[in-house]
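Here's the structure we're looking at; comments come further down.
Note that ligands are numbered from 1 as they come in the structure, with each ligand's atoms numbered from 1 the same way. Just so you know, residue 1 is the first one in the sequence shown, and it goes up from there.
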Amino acid sequence: MAKSFQEVVKNRRSIRKFESRPLKDEDLEQIIEAARLAPSGTNRQPWRFVLLKNKEDKGKIAGSIIQPFVLEAPVVIVCCLDKKAYTKSMVERRMDELVQNNVISEEAAGYINQFKLPEKSEEVKIPSDAYIDLGIAVEHMALMAEALGLGSCWVRLINPGQIHEQLNLPDDLKVAAVLPVGYPAQTPPPRPRLDRGEIIIEL
Ligand SMILES: Cc1cc2nc3c(=O)[nH]c(=O)nc-3n(C[C@H](O)[C@H](O)[C@H](O)COP(=O)(O)O)c2cc1C
């Protein structure tokens with residue numbers, strides 16, 4: 001039976017031990033689809049993903065991964081940002097789509113378009129909100145994995161540039177995190193959290 005959204009959010013854990021059995025292709029597609037549907041600032045959708053699905057490809061990043069469980073997962077999703085998403089032509093394209101779909105007015109698009117944007121991706125300085133956008137997409141994947149009975153764990157990288165090199169990725173991409181995904185071989189209890197009173201700031 002399908003899990004309710006409340007159950008998915010409540011039961012998700014960072015999983016650090018995986019069964020070796022492979023993911024179903026349709027499940028992996030649903031996970032990617034969950035990222036594709038994520039919201040982003042000005043709908044820029046700056047996320048890109050590299051899917052490492054076999055031993056050979058996972059082996060390429062072995063030298064950069066300090067937590068061995070990552071490479072034991074049947075699929076490792078390398079989560080990247082694309083500098084091209086911040087170039088003038090791409091931002092204008094996304095704006096046009098939003099105008100065409102009646103999301104924003106032409107005046108609002110004109111206002112945003114007046115800012116000087118880099119023409120070439122080499123000139124792009126990735127803005128901090130790019131990481132917010134990518135974070136939402138990655139968490140969509142983590143929640144979809146949970147909904148499908150799979151487990152995942154966000155893993156930040158000590159040397160993302162090294163993974164970029166090891167995978168021989170295009171210069172436009174910036175590696176930000178990896179998300180190993182597979183059937184959980186552990187059922188961890190809930191991890192500690194701050195109390196409600198510690199996260200709500202009363203005025
Ligand atoms: C941005 C981010 C980076 C993380 N990096 C790592 C990591 O490098 N290695 C790891 O084992 N867990 C990592 N985690 C998982 C956290 O440790 C975990 O979410 C936290 O302890 C709460 O546990 P839970 O996810 O099971 O609720 C990361 C989580 C996030 C959101």
- request: Any atoms of ligand 1 less than 4.0 Å from a non-hydrogen atom of Arg16? List them with their elements.
  value: 10 (C), 11 (O), 12 (N), 15 (C), 16 (C), 17 (O)

task: Starting from atom 9 (N) of ligand 1, locate the nearest protein heavy atom and write down its residue, its atom name and how far away it is, to 0.1 Å.
output: Gln67 OE1, 2.6 Å

- request: If you have a sec, work out which protein heavy atom is nearest atom 26 (O) of ligand 1 and how many Å separate them, to one decimal?
  value: Arg191 NH1, 2.6 Å

- line: By salt bridge (Lys or Arg N to Asp or Glu O under 4.0 Å), Arg13 pairs with (sequence neighbours left out) none

query: Starting from atom 8 (O) of ligand 1, which protein heavy atom do you reach first, and at what distance in Å?
result: Arg156 N, 3.2 Å

query: Hey, are Asp96 and Arg93 close enough for a salt bridge, meaning a charged N less than 4.0 Å from a carboxylate O?
result: no

Residue pair Thr42 / Met95: nearest heavy atoms and the distance that separates them: CG2-SD, 3.4 Å

message: Between Glu26 and Lys24, does the salt bridge (Lys or Arg N to Asp or Glu O under 4.0 Å) criterion hold? Intermediate values first, please.
response: CA-CA 5 Å; Glu26 62 265 32; Lys24 294 184 202 124; 5.4 Å; no

- request: Below 4.0 angstrom from a heavy atom of Arg12, which ligand 1 atoms are there? Numbered from 1 as shown, please.
  value: 24 (P), 25 (O), 27 (O)

field: Which segment of Pro188 sits under 4.0 Å of ligand 1 when only heavy atoms are counted
entry: neither

field: atom 22 (C) of ligand 1 within contact range, any protein heavy atom under 4.0 Å
entry: yes

- prompt: So which protein heavy atom does atom 27 (O) of ligand 1 come closest to, and at what separation?
  reply: Arg193 NH2, 2.7 Å

task: Could you point out which residue of Val78, Val175, Leu173 forms a side-chain contact (heavy atoms from CB on, under 4.5 Å) with Leu167?
output: Val78

task: Indicate if Val76 and Leu179 have the same hydrophobic cluster label, given that clusters are the connected sets of ILVMFWY residues with side-chain heavy-atom separations under 4.5 angstrom.
output: no

task: Determine which pairs satisfy side chain to side chain donor-acceptor pair (under 3.5 Å) with at least one residue from residues 124-149, sequence neighbours left out, and list them in order.
output: Lys3-Glu146, Arg44-Asp129, Glu139-Trp154

Nearest atoms (heavy-atom pairs only) where Phe49 meets Ala137: CZ-CB, 4.3 Å

- prompt: In terms of atom number and element, which parts of ligand 1 are under 4.0 angstrom from non-hydrogen atoms of Arg13?
  reply: 26 (O)

statement: min-distance protein heavy atom vs atom 13 (C) of ligand 1 -> Trp154 O, 2.9 Å

- request: Starting from atom 25 (O) of ligand 1, locate the nearest protein heavy atom and write down its residue, its atom name and how far away it is, to 0.1 Å.
  value: Ser14 OG, 2.6 Å

